[in-house]
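Every chain is numbered from 1, with letters handed out A, B, ... down the list of sequences. All values below come from the heavy atoms of this structure, side chains included, with hydrogens, waters and symmetry mates left out.
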2 protein chains.
Amino acid sequence: MSVAMPEKRAEVCQEECFHPEMLAKAKKAMLPEETLHDLAELFKALGDHTRVKILNALHHSELCVCDLTSVLEMNQSAVSHQLRVLRAGKVVKSRKEGKNVFYSLDDVHIQQLIEIGSEHVIEQAHGKK
Amino acid sequence: MSVAMPEKRAEVCQEECFHPEMLAKAKKAMLPEETLHDLAELFKALGDHTRVKILNALHHSELCVCDLTSVLEMNQSAVSHQLRVLRAGKVVKSRKEGKNVFYSLDDVHIQQLIEIGSEHVIEQAHGKK
DNA sequence: CATTTACATGAATATGTGATCATATATTAA
DNA sequence: TTAATATATGATCACATATTCATGTAAATG
């Protein structure tokens with residue numbers, strides 16, 4: 001095979017994929033590139049075991065870095081590095097008080113994301129298989 | 001390093017970090033490890049530019065793979081690979097019809113995650129700096 | 001049957017990322 | 001000032017992951 005085969009594999013199916021109106025509609029309803037980019041970055045910031053644990057710990061109240069090292073049972077450096085990612089992704093905010101820095105969830109959206117996400121995975125875990 | 005330095009750096013701050021009750025409360029309220037793990041995997045599945053774009057395209061209606069290659073302007077292989085990740089993470093579901101496979105968001109939670117996440121990043125982008 | 005179409009997937013590669021170690025900075029105390 | 005404490009951060013390394021290429025598979029069609 002593959003000696004003189006100029007016919008490349010179809011990059012897009014040729015039958016207009018059954019419902020071109022839906023396709024056109026979907027294309028029109030796409031969020032702007034920048035928003036999609038930021039959205040991916042947001043979820044990427046949430047998409048790590050350590051960071052999810054941090055957010056879960058911050059769900060009810062602010063905590064300082066060393067509180068978090070205690071909850072997570074991880075060393076301070078690792079926690080700080082992850083907090084940096086969460087700060088950069090506007091997922092948490094920080095407040096300095098003396099030698100301590102207190103972290104909390106950035107806003108109610110983050111709380112909602114954690115809550116809805118938890119509901120989802122818990123539902124998946126229980127039955128519904 | 002490490003000749004006679006018994007004094008290791010404090011792994012946890014020594015003053016009980018100002019509010020030990022909050023700490024105890026946070027520890028108690030932690031979701032089970034398994035849930036946190038699944039939650040991180042869920043967000044990880046959402047945390048990619050290509051996959052966010054796929055979910056955005058699927059927001060209003062199901063689409064087949066080649067519809068998606070058209071919306072994303074990516075080759076079919078790359079799209080299929082990402083769909084596999086979304087399937088594994090229970091983010092989308094699929095339905096076979098003849099030669100085509102139609103994908104749609106798994107449930108309303110996923111829609112909500114996209115909506116709330118979008119709100120968040122749009123708010124961040126507009127002012128509020 | 002053989003061919004085409006729509007999709008899935010293994011391998012390879014380049015890039016991204018998390019934990020650790022060492023160290024820097026800032027705040028407080030002595 | 002010097003020392004100690006709380007946190008931040010650069011460098012490194014091991015590992016994960018996204019895209020591409022090539023190929024496999026299932027359904028429809030001739």
Without decimals, in angstroms, what is the distance between [X] [atom1] and [N] [atom2]?
{"X": "A/Leu83", "N": "D/dA6", "atom1": "CG", "atom2": "C1'", "answer": "13 Å"}
{"X": "A/Asp67", "N": "D/dT5", "atom1": "CG", "atom2": "C1'", "answer": "15 Å"}
{"X": "A/Glu62", "N": "D/dA6", "atom1": "CD", "atom2": "P", "answer": "17 Å"}
{"X": "B/Glu73", "N": "D/dT19", "atom1": "CD", "atom2": "P", "answer": "14 Å"}
{"X": "A/Leu86", "N": "D/dT7", "atom1": "CG", "atom2": "C1'", "answer": "15 Å"}
{"X": "B/His49", "N": "D/dT17", "atom1": "NE2", "atom2": "C1'", "answer": "17 Å"}
{"X": "B/Leu72", "N": "D/dA18", "atom1": "CG", "atom2": "P", "answer": "14 Å"}

Using the side chain to side chain contact (heavy atoms under 4.5 Å, CB included) criterion, which residues pair with [X]? Sequence neighbours excluded.
{"X": "A/Lys96", "value": "A/Val101"}
{"X": "B/Ala57", "value": "A/Met30, B/Leu63, B/Leu68, B/Val71"}
{"X": "A/Ala78", "value": "A/Met74, A/Asn75"}

- Task: Respond yes when some side-chain nitrogen or oxygen of B/Tyr103 is under 4.0 Å from OP1 or OP2 of C/dA8, and no when none is.
- Result: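 For B/Tyr103, the contact criterion (side-chain N or O under 4.0 Å from OP1 or OP2 of C/dA8) is met.
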- Message: OP1 or OP2 of C/dT20 versus the side-chain N and O atoms of A/Asn75: is any pair under 4.0 Å?
- Response: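 So the side-chain polar atoms of A/Asn75 do come within 4.0 Å of the phosphate oxygens OP1 or OP2 of C/dT20, strictly under.
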- Item | salt bridge (Lys or Arg N to Asp or Glu O under 4.0 Å) partners of A/Arg95, counting only residues at least two apart | A/Glu62, A/Glu97
- Quick one: salt bridge (Lys or Arg N to Asp or Glu O under 4.0 Å) partners of B/Glu33, sequence neighbours excluded?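 So B/Glu33 forms a salt bridge (Lys or Arg N to Asp or Glu O under 4.0 Å) with A/Lys53.
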- Message: When you compare the side chain of B/Leu105 with that of B/Val91, does any pair of heavy atoms fall below 4.5 Å?
- Response: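 Result no, sub-4.5 Å side-chain heavy-atom pair not found.
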- Short question: side chain of A/Ser118, backbone of A/Ile114 - any donor-acceptor pair under 3.5 Å? yes
Expected rows: protein N/O vs nucleotides 15-18 of chain C N/O, under 3.5 Å:
from   : atom 1 : to      : atom 2 : distance (Å)
C/dG18 : OP1    : A/Arg51 : NH1    : 3.0
C/dG18 : OP1    : A/Arg51 : NH2    : 2.8

- Query: Can you name the residues that form a ring pair (Phe, Tyr, Trp, His ring centres under 6.0 Å) with A/His109, not counting sequence neighbours?
  - Reply: B/His120
Write down the protein N/O and nucleotide N/O pairs, taken from nucleotides 9-13 of chain C, whose separation is under 3.5 Å; answer none if there are no such pairs.
from   : atom 1 : to      : atom 2 : distance (Å)
C/dT9  : OP2    : B/Arg84 : NH1    : 3.2
C/dT9  : O4     : B/Ser77 : OG     : 2.6
C/dG10 : O6     : B/His81 : NE2    : 2.8

- Item | Qualifying residue for side-chain contact (heavy atoms from CB on, under 4.5 Å) with B/Thr50, from B/Leu72, B/Leu86, B/Leu83 |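 For B/Thr50, the side-chain contact (heavy atoms from CB on, under 4.5 Å) check succeeds only for B/Leu72.
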- Flag yes if more than 12 heavy atoms outside A/His60 fall under 6.0 Å of its NE2 atom; otherwise flag no.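 Counting other residues, nucleotides and ligands, NE2 of A/His60 stays at 12 neighbours or fewer.
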- State whether the number of non-hydrogen atoms from other residues, nucleotides or ligands found under 6.0 Å of B/His37 atom NE2 is greater than 12. no
- With a 4.0 Å heavy-atom cut-off, tell me which residues in residues 31-39 of chain B come close to DNA chain C, sorted by residue number.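 Residues of residues 31-39 of chain B under 4.0 Å from DNA chain C: none.
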- Task: Name all pairs fulfilling the salt bridge (charged side-chain N to carboxylate O under 4.0 Å, His left out) condition that reach into residues 71-83 of chain A, sequence neighbours left out, sorted by first residue then second.
- Result: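 Sorted pair list comes back empty.
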- Message: The test is side-chain contact (heavy atoms from CB on, under 4.5 Å); show your working for A/Arg51 and A/Val85 and say whether it passes.
- Response: CA-CA 9 Å; A/Arg51 293 194 292 270; A/Val85 175; 3.8 Å; yes
Could I get a table of every N or O pair under 3.5 Å where one atom is in the protein and the other is in nucleotides 26-30 of chain D?
none

- Item | Residues forming a side chain to side chain donor-acceptor pair (under 3.5 Å) with A/Glu34, sequence neighbours excluded | none
